[in-house]
Amino acid sequence: MPISFVSIRRSHGVLTASWCASWTVAFLLGAALPASAQKNNVILFVGDGMGVSTVTSTRIATVGVDGQLAMDRLPYTAISRTASADYITPDSAATMSAMMTGVNTNTGVIGFGPTTEYADFNGNGDGPRLTNIGELATSMGYAVGIVTTTRVTHATPAAVFAHVNNRNMENEIAAQMTPGGGGYNTRLGEGLHVIFGGGRRHFLPTSASDDDGVPGRRSDGRDLLAELRQRGYRYVSNRQGLNSLGGSGRTIGLFASSHLEYEADRDGGEPSLEEMTRKAIQILGATGKPYFLMVEGGRIDHAHHEGNAYRAFIDTRMFDRAISAAQRSVNLNKTLILATADHSHVFTIAGYPMRPLSDLRYTPRSVPASFRNQPHHGILGTVHGISTGGTISESGDSGGVPYTILGYANGPGHRSGSRVNPNSDRTVGYGGATPTSTSHTAYRQEATVPLAIETHAGEDVMIYAVGRTAENVRGTVPNTKVFDWIKDGFAGRGSAPRPGPSPDPPPDPGPAEDPVGTCTPTTVVLQFDGGYEVSMCYVTQDGESGPVKAEAWSSEAGILWFFGRNNPEVLVKVLDGCGVNGHRWAFVAPVTTLDFNLWITGPDGSRWTHGNPQGATASTKSDITAFPCQ
């Protein structure tokens, strides 16, 4: 689809742009690629406000200090700088625009370059539109989808496809994703293929009410949901409707008038982020086209703004589950998965808190009740330390008053006057509830500076990657580099892989003589959905033998180890491919030279095996027809 070409020149270190001639989007972005190369899917996960301290506290709260989240297991990582063109600490409009266009832009602005200021306060008009990933992918024949727990017109999802100089122009953003109507972004061709999230109010006129009886906010009288249906879109408004969807048709699912509920508050009417992600991948995969999908855990950010760490890490955990679900739903040889944050928050893990009592490898002489059996591995509690005499007690501030492990540099959690013991603090918390302890779901962590809304932070954030061309992801980079990595993912342009085992299943090698070990597995160590049991034994070079230890990652995957939990030697998966080829798929990736035998036993008693003789380097085995579906 031809568009105007933007010539870029540098003046005094600043990029400026002028409209010149007519060229294609692919040429504009240096992405002119042979058709045969444009076949790889890319899924971008954005944890809004998910700084490193958020990831760490979520890990501790949900799987323990030494546990691993799904994103922790992604093998390639980088560090992303987040400053916008005009702010050290940015907002989501600027950071997501940077990732979606490859150009650093101004705070509050979506899809325009750094010469366009917020709300055009200079009155000199907008600069040229930048080409975003939604437009680029469409020009390359891709299907495009967005999934979010916020309004679909909110800054992060909007940056995939929209152009506005004020992120609050959500009615205009909704029009830009409605094919055939006024204000539509025609660079999107026939339109986004999948749209899941909240925000019905920006699609309905003020004279109409949505599925929950909430009136719309459009003053132009347009019913964009009706217009989308006329263009062939399917519309669903609740979890039941989402689950009923099949096929490959264009779909919009709006599950709330505004944002979706926090995961901690979600009822059965709204789908989870994991469920929306699975369904989006299913629909996009059924189109037969390569696809780009953006998935946002948007309410992580909102919980931090509320000063409520509990809801932040519950939403982060669901975001992590969505990443895990995506890995299990795609072919990683043809799909790049990226996971990152747009910015951080002024959220910290303070003091010198001890690990939970169950983690300690020594026996303290005295342990107070406040330290025993704390929920969420103690991360929502107060700081405790141990004396040279072996007594554990709460740590205090300069006046001896205890303080919580988690806190904010600013926000609504500020307490006026002298500090009080958090254990007896009954300051009204989230939703107007009065917390009964620091681990109460409504508790607002203390904040140093009083603000009605807690702020973002300016430090770097993490980028995680797995799958096709994931080896490109490395170094400390500006967030605009995400745009380049997405383009490289589309084209399959990767650098030489880094050393170490790959978690990606290789193509099925077909029938071959399987190596075997000398021991016989006798103990079931993992059980997966559908009645599949994993047994494994090993023999060391010194002749010692025994069963392995194991831990499930999900209902379809787990890890096994021989000696130390921190060094898992085997990844095993039994994936549900019943809807694809009528079989369960087995995949084993061992990292060892020991003698072993691994058995996966199906519900009918059939057995799938893999082994290794002593001293040989164990091979990965992938079998997409391991077990016929029952």
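- For CZ of R415, the number of neighbouring non-hydrogen atoms (other residues, nucleotides, ligands) closer than 6.0 Å is greater than 12.
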Show every donor-acceptor pair shorter than 3.5 Å between a side-chain atom in residues 42-52 and any protein atom, with sequence neighbours excluded, or say none if there are none.
{"unit_1": "D48", "atom_1": "OD1", "unit_2": "S92", "atom_2": "OG", "d": "3.3"}
{"unit_1": "D48", "atom_1": "OD1", "unit_2": "H343", "atom_2": "NE2", "d": "3.1"}
{"unit_1": "D48", "atom_1": "OD2", "unit_2": "S92", "atom_2": "OG", "d": "3.2"}
{"unit_1": "D48", "atom_1": "OD2", "unit_2": "T156", "atom_2": "OG1", "d": "3.1"}

Stepwise side-chain contact (heavy atoms from CB on, under 4.5 Å) test for D320 and T58: CA-CA 10 Å; D320 191 66; T58 300; over 6 Å; no
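- R426 places no side-chain N or O within donor-acceptor distance of the main-chain N or O of T434, the cut-off being under 3.5 Å.
- The backbone N or O of P450 lies less than 3.5 Å from no partner atom in the side chain of N410, so there is not a single donor-acceptor pair.
- Between the CD1 atom in I195 and the CG atom in L254 there is a gap of 7.5 Å [rounded to 0.5 Å].
- Using modelled atom types, no side-chain atom of R200 and backbone atom of G198 make a donor-acceptor pair closer than 3.5 Å.
- Inspection of the E394 and N421 side chains reveals no N or O donor paired with an N or O acceptor under 3.5 Å.
- A donor-acceptor contact shorter than 3.5 Å links the side chain of N171 to the backbone of R217.
- The distance from the OG1 atom of T469 to the CG atom of L336 is 4.5 Å, given to the nearest 0.5 Å.
- Here the shortest heavy-atom pairing between A159 and M100 reads O-CB, 3.4 Å.
- With hydrogens and angles ignored, the 3.5 Å screen pairs a side-chain donor or acceptor of Q445 with a backbone N or O of A309.
- Heavy-atom minimum distance, P157 versus E296: CD-OE1, 3.4 Å.
- Formation of a donor-acceptor pair under 3.5 Å by the D397 side chain with backbone atoms of G399 is found in this model.
- Between Y118 and F121, the gap from one ring centroid to the other reaches at least 6.0 Å.
- Using a 4.0 Å cut-off between a side-chain N of Lys or Arg and a carboxylate O of Asp or Glu, D425 and R419 do not qualify as a salt bridge.
- Contact of the V383 side chain with the Y403 side chain is registered, since non-hydrogen atoms from C-beta on lie closer than 4.5 Å.
- Inspection of the T438 and T404 side chains reveals no N or O donor paired with an N or O acceptor under 3.5 Å.
- You'll find the side chain of V160 reaches within 4.5 Å of the side chain of M96, heavy atoms only.
- Formation of a donor-acceptor pair under 3.5 Å by the T335 side chain with backbone atoms of L332 is not found in this model.
- Residues V367 and L357 form a side-chain contact, since some pair of their non-hydrogen atoms from C-beta on lies under 4.5 Å apart.
- Aromatic rings of F313 and H376 (six-membered ring for Trp) have centroids within the 6.0 Å cut-off, being under it.
- Here the two rings, on H456 and H304, have centers that are 6.0 Å apart or farther.
- Partners of E454 under the salt bridge (charged side-chain N to carboxylate O under 4.0 Å, His left out) rule, at least two apart in sequence or in another chain, do not exist in this structure.
- Applying the ring pair (Phe, Tyr, Trp, His ring centres under 6.0 Å) criterion to H377, with sequence neighbours excluded, gives no partner residue.
- Not less than 6.0 angstrom separates the ring centroid of Y408 from the ring centroid of H414.
- Neither side chain, T391 nor S393, offers a donor N or O lying under 3.5 Å from an acceptor on the other.
- N132 places no side-chain N or O within 3.5 Å of a backbone atom of T101 that could act as its donor or acceptor partner.
- Rounding to the nearest 0.5 Å gives a distance of 9.5 Å between CD of E263 and CD of E270.
- D91 places a side-chain N or O within 3.5 Å of a backbone atom of G108 that can act as its donor or acceptor partner.
- Expressed to the nearest 0.5 Å, how far CG of N423 lies from OG1 of T436 amounts to 11.0 Å.
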Full working for side-chain contact (heavy atoms from CB on, under 4.5 Å) between V477 and I79: CA-CA 6 Å; V477 299; I79 296 173; over 6 Å; no
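- Remark: F255 pairs with no residue by the ring pair (Phe, Tyr, Trp, His ring centres under 6.0 Å) rule, at least two apart or across chains.
- Side-chain contact between I405 and T382 is absent, with no heavy-atom pair separated by less than 4.5 Å.
- Taking every heavy atom of both residues into account, V428 and R444 meet most closely at O-NH1, 4.2 Å.
- Considering every non-hydrogen atom in both Y310 and A264, the closest pair reads CE2-CB, 3.8 Å.
- In this structure the side chain of I386 reaches within 4.5 angstrom of the side chain of Y362, judged on heavy atoms.
- In this structure, CD on E556 lies 9.0 Å from CZ on F528, to the nearest 0.5 angstrom.
- A donor-acceptor pair is defined here as one N or O able to donate and one able to accept, closer than 3.5 Å; no such pair exists between the side chain of W553 and the backbone of I559.
- Remark: the T476 side chain and the R81 side chain contain no N/O donor-acceptor pair separated by less than 3.5 Å.
- Atom CG in D484 sits 13.0 Å away from atom CE in M99 (nearest 0.5 Å).
- No salt bridge links R311 with E306; every basic N to acidic carboxylate O contact stays at or beyond 4.0 Å.
- Across all their heavy atoms, V109 and T116 have their closest contact at CG2-O, 3.7 Å.
- Atom CG of L360 sits in a crowded spot, with more than 12 heavy atoms from other residues, nucleotides or ligands closer than 6.0 Å.
- Here R59 pairs with D72 in a salt bridge; the nearest charged N to carboxylate O distance falls below 4.0 Å.
- Looking only at side-chain heavy atoms (C-beta outward), R328 and R278 come within less than 4.5 Å of each other.
- Not counting sequence neighbours, the partners of H302 by the ring pair (Phe, Tyr, Trp, His ring centres under 6.0 Å) test are H154, H259.
- Summarising the local packing, CG of D267 is surrounded by more than 12 heavy atoms from other residues, nucleotides or ligands at distances under 6.0 Å.
- L260 and G197 make their closest contact through CD1-C, 3.4 Å (heavy atoms, listed as atom of the first residue, atom of the second, distance).
- F112 has its side chain out of reach of L130: every pair of non-hydrogen atoms, C-beta onward, lies at least 4.5 Å apart.
- Screening K279, R321, R317 against E274 for a salt bridge (charged side-chain N to carboxylate O under 4.0 Å, His left out) leaves a single residue, R321.
- Listed by chain and residue number, nothing satisfies the ring pair (Phe, Tyr, Trp, His ring centres under 6.0 Å) test with F196 (two or more places apart in sequence, or in another chain).
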